[in-house]
Amino acid sequence: MPGFELFGDQERHEVNDVLNNGVLMRFGFDGMRNGHWKAKELETALQERFKVKHAQVLSSGTAAVTVALAVSGVGAGDEVIMPCFTFVASFEGVIALGAIPVLVDIDDTLTLDIEAVKKAITPKTKAIMPVHMCGSMANLNALQIICKEHQLLLVEDACQAIGGTYRGKPLGSIGDAGTFSFDFVKTFTCGEGGAVITDNAEFAKAADHYSDHGHDHVGNDRGAEAHPFLGYNYRISELNAAVGLAQIKRFDEFIGLQKKNYTIIRNELSKIPEVVFRTVPEGGEESYAFINFFLPSLETTRQVAAAFKAEGIDACFHYYDNNWHYVRKWQHLLEAKSLFPLSDELKSGLAKLNLQDFIQSDHYIGRNLSCLIKLSWTEAEVTQRVKNMAKCILAAL
C-alpha cells in the first residue's frame with residue numbers, strides 16, 4: 001500500500017540522523033540531542049501543509065481520535081454521532097473516554113447521511129464526528145450548520161483521506177479539530193503515528209499535555225514539570241517522526257501518483273454503464289487514495305469481489321463482508337464485550353445499536369467496492385489492472 005512503497009534515501013537519512021544522535025524520545029534530553037527534534041519539525045510541517053495554527057503528533061490515528069475528543073471536552077455519558085461505516089478505531093476512541101458512540105446511516109457519499117445526523121441529536125449529544133472514509137468527505141457545510149445550531153463540536157476523522165480538500169480547505173482543518181493516521185498503510189507513513197490539527201490554542205495546549213502524562217512542558221527539567229491535569233501516554237517516538245518527516249516532504253509526489261493512477265482506472269471503468277461512482281459533495285476533491293464504485297446488487301458485488309481475488313486483483317474491499325469497517329460485523333461492539341466493566345450508561349447506549357437496522361447503509365455498502373490506489377504501479381501495470389477489473393465486472397453483469 002502507499003507510503004512505504006517508495007521508501008528511499010530521504011527516509012534513511014532522517015532515521016539515521018536520529019540513531020546517530022541517540023535520542024529516541026520526543027521530549028526531554030535537551031542537552032544530548034544537539035538540536036534534533038524530529039517530532040517538532042513534523043508538527044511544523046503539518047501546520048504549514050494543512051494551513052492550521054497547531055499540530056500535535058501522536059503514536060497512532062487511534063490516539064489522535066482519542067486525544068481530539070478528550071481536549072474537546074468529550075467524556076463520560078456524552079454522545080458522539082458518527083457513521084456506521086468506519087474503522088473500529090473511531091468508536092474505540094469514543095469508548096475510551098466513557099462516551100457513547102451513536103452510529104447513524106451513510107448515504108452515497110459513503111459517509112454521514114445528513115438527515116440521519118439530525119434525527120440522532122439528543123440533549124446528550126456533544127460532538128459530531130464525520131469519518132472521511134476511503135478518501136472522501138461528508139457534506140461538511142451541512143454539518144457545520146448543524147453544529148452551530150445545536151452548539152456541538154465538529155471533530156473530523158480524516159485518517160483515510162489525508163490530502164483531500166473541501167471548498168479549498170484541507171480535510172482535517174475544517175472542524176474544531178481534525179485527526180490523521182500515519183500507520184503503515186496510509187498515503188504517507190511514520191510506520192505508526194497520527195496527529196491532531198486545530199486552530200484552537202486551548203485544544204492544542206491540552207493535547208500537548210494530555211498526550212504526555214499531563215506534563216506541562218515548562219522549562220527544561222522534565223522531572224520538575226507540573227501536571228495541570230491527568231494525562232496518558234500517546235507520544236510518538238523520534239524514529240517514527242523521522243520517517244514521517246521525510247514522507248511529508250514527498251507528499252505532492254505521492255498525491256500526484258495516486259491521482260494519475262486513479263484517473264486511469266476511473267476513465268476505463270466509466271465506460272461500463274452499470275458502474276456508478278460514489279458521490280463527492282459539491283466543492284470536494286478526493287484524496288485519490290481509493291476509487292469507490294457501486295454495482296447493481298449485493299449478489300453482483302460479491303461475485304465481482306470473488307473474481308477480483310481469483311484474478312489476483314488485490315486491495316479491493318467489499319466492506320459488507322468485512323469484519324473491521326462496517327457495523328454488520330462489529331459483534332464485539334454490539335454485545336459490549338469488554339475486558340473491564342463498562343458504565344451502565346455506556347452499556348445502555350451500545351444496547352440501542354441492536355435495535356437499529358441500517359437498511360439504508362446496507363443498500364450502499366452491499367453494492368460498493370473500494371479499491372486502494374498504489375503509488376508503485378507503472379502506467380502499464382495500472383492499465384492492465386483496470387482491464388482485468390473491467391473484465392471481471394462485465395462477466396458478472
Is [Y] paired with [X] through a side-chain N to carboxylate O contact shorter than 4.0 Å?
X: Glu202; Y: Lys205; value: no
X: Asp199; Y: Lys51; value: no
X: Asp362; Y: Arg328; value: no
X: Asp183; Y: Lys186; value: yes
X: Asp108; Y: Arg367; value: no
X: Lys374; Y: Glu381; value: no

Do the ring centers of Phe180 and Phe50 come within less than 6.0 Å of each other?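 Distance test on ring centres: under 6.0 Å, yes.
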
Could you check whether Phe27 and His217 have their ring centres less than 6.0 Å apart?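 Yes; Phe27 has its ring centre under 6.0 Å from that of His217.
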
When you compare the side chain of [Y] with that of [X], does any pair of heavy atoms fall below 4.5 Å?
X: Phe85; Y: Ser361; answer: no
X: Gln56; Y: Tyr234; answer: no
X: Tyr320; Y: Arg302; answer: yes
X: Leu239; Y: Leu19; answer: yes
X: Met133; Y: Thr86; answer: yes
X: Leu110; Y: Ser136; answer: no
X: Ile146; Y: Ile114; answer: yes
X: Val80; Y: Val155; answer: no

Heavy-atom pair of closest approach, residues [X] and [Y]:
X: Ala138; Y: Leu112; answer: CB-N, 4.2 Å
X: Gly244; Y: Phe188; answer: O-CE1, 4.0 Å
X: Cys134; Y: Arg278; answer: O-NH1, 3.0 Å
X: Ile128; Y: Cys147; answer: CD1-SG, 3.8 Å
X: Val65; Y: Ser90; answer: CG1-O, 3.9 Å

If you apply the rule ring-ring contact (aromatic ring centres under 6.0 Å, His included), what do you find for Tyr319 with Tyr326, and how did you get there? CA-CA 6 Å; Tyr319 290 113; Tyr326 185 51; 9.1 Å; no

Can you tell me if [X] uses its side chain to pair, donor with acceptor, with the backbone of [Y] under 3.5 Å?
X: Asp176; Y: Leu154; result: yes
X: Thr66; Y: Thr62; result: yes
X: Glu286; Y: Val280; result: no
X: Arg26; Y: Leu58; result: no
X: Thr189; Y: Val185; result: no
X: Asn322; Y: His318; result: no
X: Gln360; Y: Ile106; result: yes
X: Asp105; Y: Asp107; result: no
X: Arg33; Y: Val18; result: no
X: Asn368; Y: Tyr364; result: no

Could you state the interatomic distance from [atom1] ([X]) to [atom2] ([Y]), rounded to the nearest 0.5 Å?
X: Glu156; Y: Leu140; atom1: CD; atom2: CG; answer: 5.5 Å
X: Ile365; Y: Asp321; atom1: CD1; atom2: CG; answer: 11.0 Å
X: Ile162; Y: His132; atom1: CD1; atom2: NE2; answer: 11.5 Å
X: Met389; Y: Cys371; atom1: CE; atom2: SG; answer: 4.0 Å
X: Phe254; Y: Ser287; atom1: CZ; atom2: OG; answer: 14.0 Å
X: Leu69; Y: Asp78; atom1: CG; atom2: CG; answer: 10.0 Å

Should Phe358 and Leu103 be marked as a side-chain contact (heavy atoms from CB on, under 4.5 Å) after you check the CA-CA gap, both sets of side-chain angles, and the distance that decides it? CA-CA 9 Å; Phe358 298 108; Leu103 307 184; 4.0 Å; yes

Name the residue from Glu238, Glu14, Glu43 that meets the salt bridge (Lys or Arg N to Asp or Glu O under 4.0 Å) definition with Lys38.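 Answer after filtering Glu238, Glu14, Glu43: Glu14.
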
How about [atom1] on [X], more than 12 heavy atoms from neighbouring residues, nucleotides or ligands closer than 6.0 Å, or not?
X: Phe251; atom1: CZ; value: yes
X: Leu339; atom1: CG; value: no
X: Asn20; atom1: CG; value: yes
X: Gln331; atom1: CD; value: yes

Check the pair Phe277 / Ile291 against side-chain contact (heavy atoms from CB on, under 4.5 Å), numbers first and verdict last. CA-CA 8 Å; Phe277 297 96; Ile291 188 162; 3.8 Å; yes

Should His209 and His215 be marked as a ring-ring contact (aromatic ring centres under 6.0 Å, His included) after you check the CA-CA gap, both sets of side-chain angles, and the distance that decides it? CA-CA 5 Å; His209 299 354; His215 279 269; 9.3 Å; no

Cluster question for you: counting only ILVMFWY and a side-chain heavy-atom cut-off of under 4.5 Å, with indirect links fine, are [X] and [Y] together?
X: Phe317; Y: Trp324; answer: yes
X: Leu355; Y: Phe91; answer: no
X: Phe229; Y: Val74; answer: yes
X: Leu346; Y: Val88; answer: yes
X: Val23; Y: Val243; answer: no

My understanding is that only residues two or more places apart in sequence, or in another chain, count here; which of them pass salt bridge (charged side-chain N to carboxylate O under 4.0 Å, His left out) with Glu48?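 Glu48 satisfies salt bridge (charged side-chain N to carboxylate O under 4.0 Å, His left out) with no other residue.
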
Arg385/Ile313 under side-chain contact (heavy atoms from CB on, under 4.5 Å): CA gap, chis, key distance, verdict: CA-CA 7 Å; Arg385 178 184 177 87; Ile313 302 169; 3.8 Å; yes

Please lay out, stage by stage, how Lys391 and Glu311 fare under the test side-chain contact (heavy atoms from CB on, under 4.5 Å). CA-CA 10 Å; Lys391 181 182 71 174; Glu311 289 290 324; 3.6 Å; yes

